[in-house]
There are 2 protein chains.
Amino acid sequence: MEIIERKPRNREQTRSGILKTAKAIARREGWQAVSIRKIADAIEYSAPIVYEYFDSKDVLLDEIRNEGFRHLYQEYDRILTVYRDPEKRLFEISLVQWEFARQQPEIYQVMYNLDGALCSLPVHQSEAMQAVSRIVCKTIFSFIPKAEESIRRLYFQWWSVSHGMITLAMLLKNEQPIEQSEQVYRETMRRFVRDLR
Amino acid sequence: MEIIERKPRNREQTRSGILKTAKAIARREGWQAVSIRKIADAIEYSAPIVYEYFDSKDVLLDEIRNEGFRHLYQEYDRILTVYRDPEKRLFEISLVQWEFARQQPEIYQVMYNLDGALCSLPVHQSEAMQAVSRIVCKTIFSFIPKAEESIRRLYFQWWSVSHGMITLAMLLKNEQPIEQSEQVYRETMRRFVRDLR
DNA sequence: TCAGTCAATTAACACCGTTAACTGAGATTA
DNA sequence: TAATCTCAGTTAACGGTGTTAATTGACTGA
């Protein structure tokens with residue numbers, strides 16, 4: 001009865017193959033070019049097979065989005081173990097956010113429905129995203145022990161500045177070199193965490 | 001020969017009817033639901049007629065985008081005539097940006113390719129957008145007369161903070177009341193313009 | 001009356017997400 | 001052994017998409 005052993009293993013491989021292929025097409029041609037049929041072709045199956053792994057395209061995109069948030073969470077968590085100084089922590093977290101958006105723009109796009117990517121499942125209900133929010137809020141709280149309401153405001157501000165610069169840097173990258181944007185980003189985030197004290 | 005007179009007039013009406021219909025559908029059902037056939041139905045024509053006014057869907061979206069930037073330009077220009085104090089000017093411009101995104105979110109979406117809207121013509125080549133950039137840079141320059149390079153950096157920062165807060169406020173509007181986001185926005189932009197001195 | 005013009009239409013092409021119906025090979029049972 | 005069942009994987013289909021070619025049909029000028 002090899003079937004019971006081989007099937008689940010291949011199943012997991014096929015599933016991650018679907019996700020990997022979707023990301024590869026998005027990276028190469030943009031999210032508007034990602035179709036179920038194209039994914040199926042790439043993994044050498046017919047289109048309906050994809051629906052045995054994901055109920056809909058929306059659910060597939062949602063999984064990629066959550067992968068992104070989980071990846072971010074792990075990176076943030078790693079930073080908390082490496083650095084003790086809260087200021088250093090938040091600054092390093094900011095840099096990781098930048099680096100992530102820079103190296104995996106297609107993931108960042110689907111996380112925030114950017115550039116034609118559209119996942120209609122509400123992102124604020126994502127457990128993975130909420131975990132990211134909590135870990136950043138915790139970091140802010142660790143050196144600004146204020147009321148929860150204040151922390152959420154500071155988090156909203158930090159997130160806005162970071163996200164705004166990242167998306168505009170992407171948008172303008174053909175006329176404003178990414179290195180220049182990165183420099184401004186570093187200075188701005190540096191100042192933000194300094195002013196928190 | 002009424003034809004020479006009636007035709008152009010109706011033509012202009014039809015054209016703006018197409019644009020108006022596209023925006024109405026986008027507002028009601030989101031940009032992913034905007035199709036050429038649906039627009040044609042609404043204006044009581046067949047689909048190919050739309051192509052006599054716009055070469056492609058991309059061009060149609062580009063026009064809506066430019067309408068948005070031109071509208072913003074006019075509002076900013078009006079503020080420059082109303083207020084003389086540079087600090088006041090930039091703050092009021094910030095508030096107009098917020099109000100615009102709040103009242104016409106579907107336009108803001110297509111301007112920045114948000115939430116499934118996708119116009120593949122590069123936005124940084126839009127003359128209307130460049131005019132907006134110039135008028136804001138001019139405003140910043142008027143009370144921080146620095147080198148052009150510095151002005152562009154300050155503009156990038158202002159734009160990022162404003163755009164970041166607007167997009168995140170939209171994203172989180174179901175769990176963080178828009179009034180609360182607006183309050184944080186006002187405080188943040190107030191502080192930004194104050195710190196410019 | 002005939003030919004020409006031209007706005008507007010229908011029909012078509014190659015895609016899309018999604019689902020139902022079908023195939024065919026291997027396992028199970030009589 | 002022969003018949004039945006299971007089930008992974010397929011093809012076919014539905015209604016939609018952007019876009020273009022072919023076609024209609026009413027009005028114009030000769």
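Predicted model, so just to flag it, every value in this text is computed and none were measured.
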Minimum-distance nucleotide to [X] side chain [options: [options]]:
X     : options                : value
B/I49 : D/dT19, C/dT9, C/dT18  : C/dT9
A/E52 : D/dA21, C/dA8, D/dG9   : D/dG9
B/S35 : D/dA12, D/dG18, C/dG17 : D/dG18

Tell me the interatomic distance from [X], atom [atom1], to [N], atom [atom2], rounded to whole angstroms.
X     : N      : atom1 : atom2 : answer
B/D58 : D/dG18 : CG    : C1'   : 11 Å
B/Y51 : D/dT20 : OH    : P     : 7 Å
A/I18 : D/dG9  : CD1   : C1'   : 13 Å
B/K57 : D/dG16 : NZ    : C1'   : 12 Å
A/I39 : C/dC16 : CD1   : C1'   : 12 Å
A/Q32 : D/dG18 : CD    : C1'   : 13 Å
B/I36 : C/dC15 : CD1   : P     : 19 Å
B/D41 : D/dG16 : CG    : P     : 11 Å

Q.
For A/P48 and A/K38, find the nucleotide of DNA chain C closest to each by heavy atoms; which residue's nucleotide sits nearer the 5' end?
A.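 Taking each residue's closest nucleotide, the earlier one in sequence belongs to A/K38.
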(Q) I'd like to know if B/E187 pairs up with B/R191 as an ion pair, taking the criterion as any Lys NZ or Arg NE/NH1/NH2 lying under 4.0 Å from an Asp or Glu carboxylate oxygen. (A)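 B/R191 and B/E187: not salt-bridged.
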Q: Classify the side chain of B/R37 and the base of D/dG16 as holding, or not holding, a donor-acceptor pair under 3.5 Å.
A: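 No.
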Q.
Taking CD in B/E175 as the centre, count heavy atoms belonging to other residues, nucleotides or ligands within less than 6.0 Å. Is the count above 12?
A.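 Yes - once you tally the heavy atoms of other residues, nucleotides and ligands closer than 6.0 Å, there are more than 12.
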Q. In terms of heavy-atom contacts, does CZ of A/R152 have more than 12 from other residues, nucleotides or ligands at under 6.0 Å?
A.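 Open: at most 12 neighbouring heavy atoms sit under 6.0 Å from CZ of A/R152.
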**Q.** B/E149 and A/Q180: side chain donor to acceptor below 3.5 Å
**A.**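 Looking only at side-chain atoms, A/Q180 and B/E149 do form a donor-acceptor pair, the distance falling under 3.5 Å.
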Which part of the nucleic acid does [X] contact within heavy-atom distance under 4.0 Å: base, sugar-phosphate only, or nothing?
X     : result
B/V50 : nothing
A/S46 : base
B/Y45 : sugar-phosphate

Q) Is it the case that A/R197 places NZ or CZ above or below the six-membered ring of A/F143, under 6.0 angstrom from the centre and within 45 degrees of the axis? A)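 No, cation not above the ring by the 6.0 Å, 45° rule.
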